[in-house]
Amino acid sequence: MIKVKFKVNTEEREIVTEPTKTLLEILRDDLGLRGTKEGCGKGECGACTVIMDGKPVVSCLVLACQLAGCQITTIEGLSRDGKLDPVQEAFIEEGAVQCGFCTPGMILSAKALLMGNQNPTDEEIKEAISGNLCRCTGYIKIIKAIQKAAKAQRAALAPNTSGGTRKNRDQ
Amino acid sequence: MKVYSPETIEETTKILGKLKGNVHLLAGGTDLVVKVKEGTVLPENLINIRKLPLDYIKEEGNQLRIGALTSIETIHRSKPIRTYAPILSDAAGKMGSPQIRNLATIGGNIANASPAADTVPPLFVLNAQIVLKDQKGSRVIPIEKFFSGPGENVMRRDEILMEITFRKCAQSDEWFFSKLGQRKALAISKVSLAFRGKVNQNRLTDVSIALGAVAPTVIYAQRTARFLESKTFDSALIDEASRIIQEEASPISDIRSTSEYRRRMVGALLKQGLWELKAGVSPD
C-alpha cells in the first residue's frame, strides 16, 4: 500500500491504496466520483477521460503510483456554484446526449480543447474528440455543441463585442 | 508485485542493478498497463519512472536531443521538431488519440519494440541514436541495431533508456510518413512507411526508407532506396520501386491484416507518396 496526495477538482485528497490501482478505480470506488465511466478499460473508448494537469488522459491507464502532486479535473468539477459549465449547457441545448455514457469523457475532451483554443475549427474539434467513442448520436450534435460552447466562452471573455472576434488563424 | 517510484536517475539505475526477478519500467503506461490488465505481462517489480527528469527537447548545434519521457503529444506539437524533424512530428500526430498521446512517451514507444511503433520508422530515416544508461555508465546504439525481434530489444535488464538524438534535417529534405490503419484515430498500423530524400534535377538522392509492421522489426528498404537513386525520377522508376519494395517486406498475417494485403500496401504507400512528392516538387 502507498499513501498518495493529489488534487481532485478543488479538493486536496490523500488516500492509502494499492500502487497499481487505476485512477479510474480510485475516482469511482475510493472517492465516490462516479461521473467518470469505465468503457473498455484499455484506453480505446475515452469514456474514462479526465483532465490531468491541464491535459486530457484516459484514467483507466493511469496508476496510483503516478498520481502524486497531480491536479485532476473530473466531470463533477466543471460546474461552479451550482451553475453548469458552458460546455455542459451547450450539450443539453444541442441535444448532444443520448444514452449519456460517453458524455462525461466527451465533455472533458471538449473542455481541454477549449482551455487552449478559444476558436476551434470543426477539424480541430474532431481531432480533440477522436479518442472518445459515441455509439448513439453520431457526433454531429456533439460537434455543434462544442462550437456553441466555444462561442459562449468567447462572448464571456469579451463582453463588449457580441460573440467575440473571429480571426482566421490560417493567415 | 513490488512498486518503486525513484526520483533520480542514479536511484533508478541503483534499484535496477539490485533487483532480482523480472522488472518492468512504467513510463506512460499505455502499452504496459493494458498488458498487465490482460495478464500477458506479470511484473514482479514495477519501476515507475514518470518523475525522472527526462521530459525535454533540446537543440544543440545541429543536433536534437529528446528525453525518453517526452510525451508523444509534446513531440507532435514541438516547434523545434516541426522545424527540424517534421516527419517525426507528423508520425506522432497520427498515433493513438489525444488522451493516449498525452500519456505515452517516445522512450516507451521505442523500448516496447513493437514492429508497428509509429515513431520508429521516422527515427530510422533520421538515423537516430538511442542513449542507454546503467549504474556504470552510458552506451549509444544506432536505432537500427536496437531491436532484436517483435517486443524485443537489446537493452540489458539493468539499463534505462535516457534519450534519443539525431541530426536536424535540412530544409531541402523531402519526406513523407504514410500510415495505413483501420481508421484515423486509435488504430495500430497495418503498414507504415517513412521516406526521406532529396530531389535534384529530376533525380532522387540521399534516399532513406523505413517500413513498419511488415517484418519482425522496423526495417530499412535499402534495395528500393538505392534503386530510386539510380535513374530519372519518372513514372517508370516509381512503378519499379513499388514492385521492389514489396520484395523487401516480409509481413505476417494477424488480426489486423493479411500478409498479402500488407505486401501490396507497402507498394501502394510508396507509389502514392512518390507521386505526391513528384507533384509537389517544382520542375528545375
Side-chain angles (χ1 to χ4, degrees), chain A residues 1-4 17-25 36 38-70 105-106 108-113 115-117 123-133 139, chain B residues 1-7 24-52 55 69-74 76-77 90 92-105 108 112 181-188:
Chain A
M1 298 291 258
I2 55 161
K3 196 192 271 184
V4 56
T17 182
E18 289 293 336
T20 53
K21 200 167 189 180
T22 66
L23 171 58
L24 173 64
E25 292 167 321
T36 307
E38 175 163 32
C40 66
K42 294 178 188 173
E44 305 261 354
C45 77
C48 68
T49 301
V50 300
I51 300 175
M52 182 162 104
D53 298 330
K55 293 166 189 161
V57 300
V58 278
S59 62
C60 68
L61 298 183
V62 178
L63 301 185
C65 61
Q66 304 184 297
L67 281 176
C70 288
M106 199 68 84
L108 287 163
S109 283
K111 184 72 190 169
L113 169 71
M115 291 189 315
N117 183 349
E123 275 312 305
E124 286 169 329
I125 292 173
K126 285 181 193 171
E127 172 64 36
I129 60 168
S130 61
N132 295 80
L133 288 182
Y139 304 98
Chain B
M1 188 191 324
K2 198 140 177 21
V3 180
Y4 303 82
S5 290
E7 291 186 1
H24 288 268
L25 295 174
L26 173 67
T30 55
D31 283 310
L32 183 59
V33 174
V34 175
K35 287 181 190 165
V36 172
K37 283 186 174 189
E38 285 174 344
T40 51
V41 170
L42 300 164
E44 287 163 26
N45 300 288
L46 194 63
I47 306 185
N48 164 34
I49 55 170
R50 208 181 154 83
K51 290 274 140 65
L52 300 186
D55 176 2
L69 290 171
T70 309
S71 79
I72 299 297
E73 186 69 7
T74 301
H76 172 49
R77 299 205 178 272
D90 182 64
K94 288 174 174 163
M95 289 171 68
S97 65
Q99 295 97 311
I100 296 291
R101 293 196 292 269
N102 281 325
L103 291 172
T105 65
N112 191 50
Q182 193 69 18
R183 63 187 185 111
K184 258 195 199 168
L186 284 163
I188 293 172

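Everything quoted here is computed from the prediction, not taken from an experiment. Throughout, a chain's letter reflects where its sequence line sits, starting with A, and its residues are numbered from 1. The figures here come from the full heavy-atom set of this structure, side chains too, leaving out hydrogens, waters and symmetry mates.
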Colleague: For chain B, which of Leu113(A), Asn132(A), Val50(A) has the most heavy-atom pairs under 4.5 Å?
Modeller: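 The option with the most such pairs is Asn132(A).
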Colleague: Answer yes or no: does atom CD1 of Ile188(B) have more than 12 heavy-atom neighbours from other residues, nucleotides or ligands under 6.0 Å?
Modeller: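 No, the 6.0 Å shell around CD1 holds no more than 12 heavy atoms from other groups.
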Colleague: Can a donor-acceptor pair be found, under 3.5 Å and without considering hydrogens, that links the side chain of Lys51(B) to the backbone of Ala68(A)?
Modeller: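 Side chain of Lys51(B) to backbone of Ala68(A): a pair is present.
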Colleague: Is Cys60(A) close to Lys37(B) at the side-chain level, that is, under 4.5 Å between some pair of heavy atoms?
Modeller: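 Yes, their side chains come closer than 4.5 Å.
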Colleague: Within the structure provided, determine whether Gln99(B) and Leu61(A) are in side-chain contact (heavy-atom separation under 4.5 Å).
Modeller: no
Colleague: Of all residues at least two apart in sequence or in a different chain, which pass the salt bridge (Lys or Arg N to Asp or Glu O under 4.0 Å) check with Lys126(A)?
Modeller: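 Per chain and number, Lys126(A) pairs via salt bridge (Lys or Arg N to Asp or Glu O under 4.0 Å) with Glu123(A).
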Colleague: For the CD atom on Gln182(B), are there more than 12 heavy atoms of other groups (residues, nucleotides or ligands in this structure) within a distance under 6.0 Å?
Modeller: no
Colleague: Tell me every residue that passes side chain to side chain donor-acceptor pair (under 3.5 Å) with Glu38(B), counting only those two or more places apart in sequence or in another chain.
Modeller: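 So Glu38(B) forms a side chain to side chain donor-acceptor pair (under 3.5 Å) with Lys42(A).
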Colleague: Testing the basics here: between Pro98(B) and Gly131(A), what is the closest heavy-atom pair and its distance to 0.1 Å?
Modeller: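 Pro98(B) and Gly131(A) have their closest heavy atoms at CD-N, 4.2 Å.
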Colleague: Could you tell me which portion of Leu108(A) (side chain, backbone, both or neither) has an atom closer than 4.5 angstrom to a non-hydrogen atom of chain B?
Modeller: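 Looking at Leu108(A), nothing touches chain B.
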Colleague: Is Arg101(B) paired with Glu127(A) through a side-chain N to carboxylate O contact shorter than 4.0 Å?
Modeller: yes
Colleague: Picking from Asn48(B), Ile100(B), Leu46(B), Thr30(B), which has the most non-hydrogen pairs under 4.5 angstrom with chain A?
Modeller: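 With the most close heavy-atom pairs to chain A, the winner is Asn48(B).
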Colleague: If you measure from SG on Cys65(A) to CD1 on Ile47(B), what distance do you get to the nearest 0.5 Å?
Modeller: 11.5 Å
Colleague: Any side-chain heavy atom of Thr20(A) within less than 4.5 Å of one from Val36(B)?
Modeller: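 They are not in side-chain contact.
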Colleague: Please classify the contact of Ala187(B) with chain A as side chain, backbone, both or neither, using a heavy-atom distance under 4.5 Å.
Modeller: neither
